[in-house]
Each structure stands twice: as C-alpha cells, then as structure tokens.
Amino acid sequence: MDSISSDEKWRISYPNPCNPGSTWLGFECKLGQDNHLHVSRLDFGTHPNPTCRNTATFPYQIFDLPHLESVFFFRCFTHTKTTLSAPANRGAAFFDSSLQQLSLRSNPALVGPIPPQISLLKSLKILTLSQNHLSGHIPPGIFSLNSLLHLDLSYNMLTGPVPIQLGNLKNLQDLDLSYNSLTGPIPGTIGRLGMLQKLDLSSNSFVGTIPYSIEKLTLLTFMALSNNKLRGNVPKGILKLQSLQYFIMDDNPMYIPLPAEFGKLVKLQELRLANSCYSGMIPPSFSLLVNLSTLSLQNNRLTGKIPEGFSSLSRIYHLNLSGNLLGGVVPFNASFMKRLGRNLDLRGNPGLCLSTSEAYNNVKIGSGVSVCGPGSLIKKSQAAAHGLSKLLFLFAALVFM
C-alpha cells in the first residue's frame with residue numbers, strides 16, 4: 001500500500017487490513033476455511049478508493065495473495081512507466097491463484113507486452129486490459145483460459161494476427177479487441193465461440209472477408225467490424241444471426257452490392273454500413289427491419305430509388321443516405337420528415353427530389369434536395385452546361401496565354 005498510495009500512513013493508521021472496523025479503503029476481506037480473514041479484493045486509482053502515487057508501479061506481489069479474487073487498477077499508473085510483470089519464480093503462486101477478475105483500465109504508463117504468465121491464472125473469468133499502452137502480440141496462452149467470460153484488450157497498441165487458439169474460449173460472452181493495430185484475417189475459429197454475445201474488432205487492420213463460421217454465433221447481439229480493411233462478400237449464413245441487434249461495419253473497402261440478407265435480421269436496431277463502396281440498389285428487404293432505429297448508408301455508390309417501405313419504419317430516428325447516387329421522388333411524408341428532423345440526411349444525391357406537396361408543407365430537408373418537376377431538371381441541365389462552358393473558356397484562355 002505504501003508503494004502505491006500516499007493517502008494514508010497505512011501501517012500506522014491501519015495495522016491490520018482485514019480487522020473489522022478498520023478495514024483499509026480499497027480492500028475487501030473474506031473469511032477463509034481456516035477461519036481467518038484474507039484479502040479478496042483490491043481497488044486502486046480513484047476516490048473513494050485509494051489514489052495512486054505518481055511513482056506507482058504495478059505491484060506483482062499481489063499474485064502472492066492466495067485468496068485474492070478481484071483486482072482493479074483504474075487510472076493508477078499515469079506517470080512512471082511500468083509493465084504488467086509476473087516474475088518467473090512465482091509460477092507456483094499463479095497455479096494456486098483464486099483470481100477471477102483482473103481489470104487494469106486507463107493506465108497510460110502501463111507499457112510493454114502482455115505477459116504469457118497470465119495464462120496460468122486458470123480461475124480467471126474477466127480479463128480487462130483496456131486503454132493502456134500495451135504492445136506486442138497477443139500471447140496465445142490467453143486462449144487456454146477456459147473459464148474466461150469477458151476479454152477486453154481494446155485501446156492499446158497490440159500488433160500481429162489474432163491467434164487461431166481464440167476458438168478455445170468456449171464460454172466467452174464478450175470479446176473486445178478494438179482500437180489496436182491487429183492484422184491478418186479474422187480467424188475462422190471464431191465460429192467456435194458459441195456463447196459469444198458481443199464482438200468488437202473495429203479500428204484494426206484486419207483483411208480478407210468475414211469468415212463463414214460467423215453464422216454459428218447465434219447468440220450474438222452486437223457485432224462491430226468498422227474501420228478495417230475487410231472486403232468481398234458477406235456470408236449468406238449471416239441471416240442465421242437472429243439475435244443480432246447492432247451491426248456496425250463502416251469504413252471497409254467492400255466493393256459489393258448491399259447484401260439483401262441484412263433485411264432478414266429482424267431484431268436489428270442499428271445498421272451502419274457507411275463509407276464502404278457498396279453499389280447497386282438498396283434492397284427492398286431493408287424495409288422489413290421494423291425495429292431499426294439507425295440506418296447509416298452514407299458515402300457509398302448506391303443507385304435507384306429509396307425503398308417506399310422506409311416510410312413505414314416507425315422506430316427509426318436516424319437515417320443517413322447522403323453522398324450516394326440515389327434518384328427519384330423522396331418517399332417520405334411531412335410527418336415522417338418532421339419526426340426525424342436533422343437526423344434525416346439525403347444530401348449529395350443529385351437525382352433525388354422532393355414532391356411539390358411536401359415542399360408546400362414547408363418541410364425542410366437536407367440541402368441539395370430540390371423540388372420535383374421538369375423545371376428543376378432543366379435548370380440543373382442549364383447550370384451544368386453553363387459550368388462546362390466556363391471551364392472550356394478557361395482552358396482555352398490558358399492554352400493561348
């Protein structure tokens with residue numbers, strides 16, 4: 001305690017950390033089978049728990065506490081660089097460890113690799129190492145922790161491929177590897193995580209396609225794959241993910257038509273596919289997503305008309321179709337557009353137009369959507385021709401200068 005926190009003179013004020021009535025802040029104790037109280041939980045970093053010294057480093061001695069079940073270090077290691085260390089001569093203590101939760105979050109001075117010795121913490125159920133400055137590869141041994149329910153390594157500087165041993169975590173419910181620099185394909189063994197409910201692999205450098213085995217994750221409710229280098233066909237088996245509520249896959253070079261299979265995921269509440277080079281028409285099946293609250297399809301190469309069924313999506317509050325090549329009459333009435341207000345964005349679709357009846361109702365929509373009618377089309381053509389003539393005149397002037 002003295003090496004971590006200067007909040008108290010710990011040895012003088014609280015000589016016995018588990019003594020009833022004088023338990024140290026940030027500590028919890030439990031009665032063991034030997035009828036003695038033992039430290040079972042450590043919680044450092046922010047008030048009301050003990051704050052950390054600027055010189056605080058990771059105290060590997062905590063792994064010598066055989067009854068310790070939970071460890072939390074939140075904004076604790078902020079100034080002096082330290083590593084998540086576990087000396088080799090303490091391997092036996094690791095095997096005897098009762099540790100079920102290890103959480104180190106928001107520690108900017110926590111650097112270096114994830115030690116392979118973590119794989120010896122066989123009772124571990126929750127491993128959170130998020131928002132630190134950890135680097136290097138993910139040690140394959142982590143995926144031998146069969147009791148693991150939650151694994152969060154997000155917001156670090158981890159590199160390399162995800163080991164294929166990932167599929168060994170049969171009990172895993174949440175996996176978050178987002179905001180690292182991981183590379184290679186998403187391993188096909190991910191389909192063996194049959195209990196998985198949340199998957200976040202966004203903001204890495206994954207390549208290839210979504211593995212076909214993804215269809216086996218039937219309990220999945222949240223999947224985020226945004227900001228990677230994924231491309232190619234989406235597995236048709238994705239329609240088997242009938243529990244999926246959030247599918248977020250912006251910013252990937254897909255270069256395919258929008259998959260109609262998304263329209264069969266009836267529990268979807270958010271579907272985000274922006275900035276991904278999708279082409280073709282918006283599938284009419286998207287109109288069947290009656291639970292949809294957010295649909296983001298902006299900055300693609302979509303053509304054709306907006307499906308008329310979109311006007312029946314009673315729960316939608318955010319609809320962004322801007323920056324595409326859509327055309328025809330906007331199929332939304334005044335009440336629909338007023339309900340969405342600024343959350344309806346149709347800008348950057350020069351072929352779209354607003355019916356005269358809705359225009360007369362003084363409905364304001366994103367800039368760039370004009371009123372339908374031959375006059376508006378003629379004016380657009382005249383404006384384009386005028387712009388072209390000015391460009392040719394300028395070019396000729398430059399040539400003869």
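For the 3.5 Å distance criterion, the side chains of N107 and N132 qualify, holding a donor opposite an acceptor. Looking only at atom types and distance, the side chain of Q245 has a donor-acceptor partner in the side chain of Q269 under 3.5 Å away. Between N228 and N204, the side chains place no donor N or O within less than 3.5 Å of an acceptor N or O (distance only, hydrogens not considered).
For the pair H133 (side chain) and V111 (backbone), a donor-acceptor distance under 3.5 Å is absent. At distances below 3.5 Å, at least one donor-acceptor pair connects side-chain atoms of S98 with backbone N or O atoms of P66. Although no hydrogens or angles enter the test, the distance criterion places a donor-acceptor pair under 3.5 Å between the side chain of D34 and the main chain of H36. A donor-acceptor pair under 3.5 Å is absent between the side-chain atoms of S70 and the main chain of Q101, judged by distance alone. The backbone N or O of Q298 sits nowhere less than 3.5 Å from a side-chain atom of N320 that would complete a donor-acceptor pair. Between the side chain of T294 and the main chain of H318, no donor-acceptor pair closer than 3.5 Å is present. Between the S40 side chain and the E28 main chain, a donor and an acceptor come within less than 3.5 Å of each other. Side-chain atoms of S213 never come within 3.5 Å of backbone atoms of I190 as a donor-acceptor pair (strictly under, hydrogens ignored). The main-chain N or O of R347 is found under 3.5 Å from a side-chain atom of D345 such that the two form a donor-acceptor pair. With hydrogens and angles ignored, the 3.5 Å screen pairs a side-chain donor or acceptor of N324 with a backbone N or O of L297.
By the side chain to side chain donor-acceptor pair (under 3.5 Å) test, D43 pairs with R41, N49, sequence neighbours left out. By the side chain to side chain donor-acceptor pair (under 3.5 Å) test, R75 is found to be paired with no residue, residues two or more places apart in sequence or in another chain being considered. When the side-chain contact (heavy atoms from CB on, under 4.5 Å) test is applied to P307, the partners found at least two apart in sequence or on another chain are I282, S287, F310. Checked against side-chain contact (heavy atoms from CB on, under 4.5 Å), L84 has the following partners two or more places apart in sequence or in another chain: F58, L104, L110, P115, I118, L129. Scanning for side-chain contact (heavy atoms from CB on, under 4.5 Å) contacts around P257 gives S279, with sequence neighbours left out. With sequence neighbours left out, the side chain to side chain donor-acceptor pair (under 3.5 Å) criterion links R105 to no other residue. By the side-chain contact (heavy atoms from CB on, under 4.5 Å) test, S226 pairs with S202, I248, D250, sequence neighbours left out. Here S154 pairs with S130, D152 under the side chain to side chain donor-acceptor pair (under 3.5 Å) rule; sequence neighbours left out.
Between R53 and H79 there is no side-chain heavy-atom pair separated by less than 4.5 Å. Residues I214 and Y212 form no side-chain contact, since every pair of their non-hydrogen atoms from C-beta on lies 4.5 Å or further apart. For the pair T183/F206, no side-chain contact is recorded, criterion being any heavy-atom separation below 4.5 Å from C-beta on. Within the 4.5 Å cutoff, the side chain of T128 has heavy atoms near those of the I126 side chain.
In terms of heavy atoms, T209 sits closest to G232 at CG2-CA, 4.2 Å. The two residues K216 and G191 make their nearest non-hydrogen contact at CB-O, 3.5 Å. For V266 against N291, the heavy-atom pair with the smallest separation is O-ND2, 2.9 Å. Smallest separation of non-hydrogen atoms from L241 and E215: CD2-O, 3.8 Å. Among all heavy-atom pairs drawn from N252 and K229, the shortest one is OD1-N, 3.4 Å. Scanning both residues, L121 and L99, for their nearest heavy atoms gives CD1-CD2, 4.1 Å.
Evaluation of the disulfide (SG to SG under 2.5 Å) test over residues 41-80, restricted to residues two or more places apart or in two chains, returns C52-C76. Within the structure, ring pair (Phe, Tyr, Trp, His ring centres under 6.0 Å) contacts touching residues 144-177 (residues at least two apart or in different chains) are Y155-Y179. Evaluation of the ring pair (Phe, Tyr, Trp, His ring centres under 6.0 Å) test over residues 253-292, restricted to residues two or more places apart or in two chains, returns F247-F262. Note on residues 333-352: pairs passing ring pair (Phe, Tyr, Trp, His ring centres under 6.0 Å), not counting sequence neighbours, are F332-F336.
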* Asked: Can L42 and I62 be said to form a side chain to side chain contact (heavy atoms under 4.5 Å, CB included), step by step?
  -> CA-CA 9 Å; L42 302 176; I62 62 174; 3.5 Å; yes
* **E270/R272 under salt bridge (charged side-chain N to carboxylate O under 4.0 Å, His left out): CA gap, chis, key distance, verdict** => CA-CA 6 Å; E270 287 195 19; R272 298 178 182 268; 3.0 Å; yes
* **D200 and L175: CA distance, side-chain angles, deciding distance, side chain to side chain contact (heavy atoms under 4.5 Å, CB included) verdict** => CA-CA 6 Å; D200 194 343; L175 175 62; over 6 Å; no
* Stepwise side chain to side chain contact (heavy atoms under 4.5 Å, CB included) check, N300 with N275 -> CA-CA 6 Å; N300 284 295; N275 308 310; 5.9 Å; no
* **Working for side chain to side chain contact (heavy atoms under 4.5 Å, CB included), residues L220 and L199** => CA-CA 8 Å; L220 209 60; L199 173 64; 4.1 Å; yes
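Under a cut-off of 6.0 angstrom, the local environment of CD1 in I164 is sparse, with at most 12 non-hydrogen atoms contributed by other residues, nucleotides or ligands. Within a 6.0 Å sphere centred on CE of M195, heavy atoms belonging to other residues, nucleotides or ligands number 12 at most. With a 6.0 Å radius and a threshold of 12 heavy atoms from other residues, nucleotides or ligands, Q242 has its CD atom above the threshold. Atom CZ of R339 sits in a crowded spot, with more than 12 heavy atoms from other residues, nucleotides or ligands closer than 6.0 Å.
Classification of the F27-F44 ring pair by plane angle, with boundaries at 30° and 60°, yields perpendicular.
In this structure, SG in C277 is found 10.0 Å from CE in M254, a value given to the nearest 0.5 Å. For the atom pair L127 CG and I114 CD1, the distance stands at 7.5 Å (nearest 0.5 Å).
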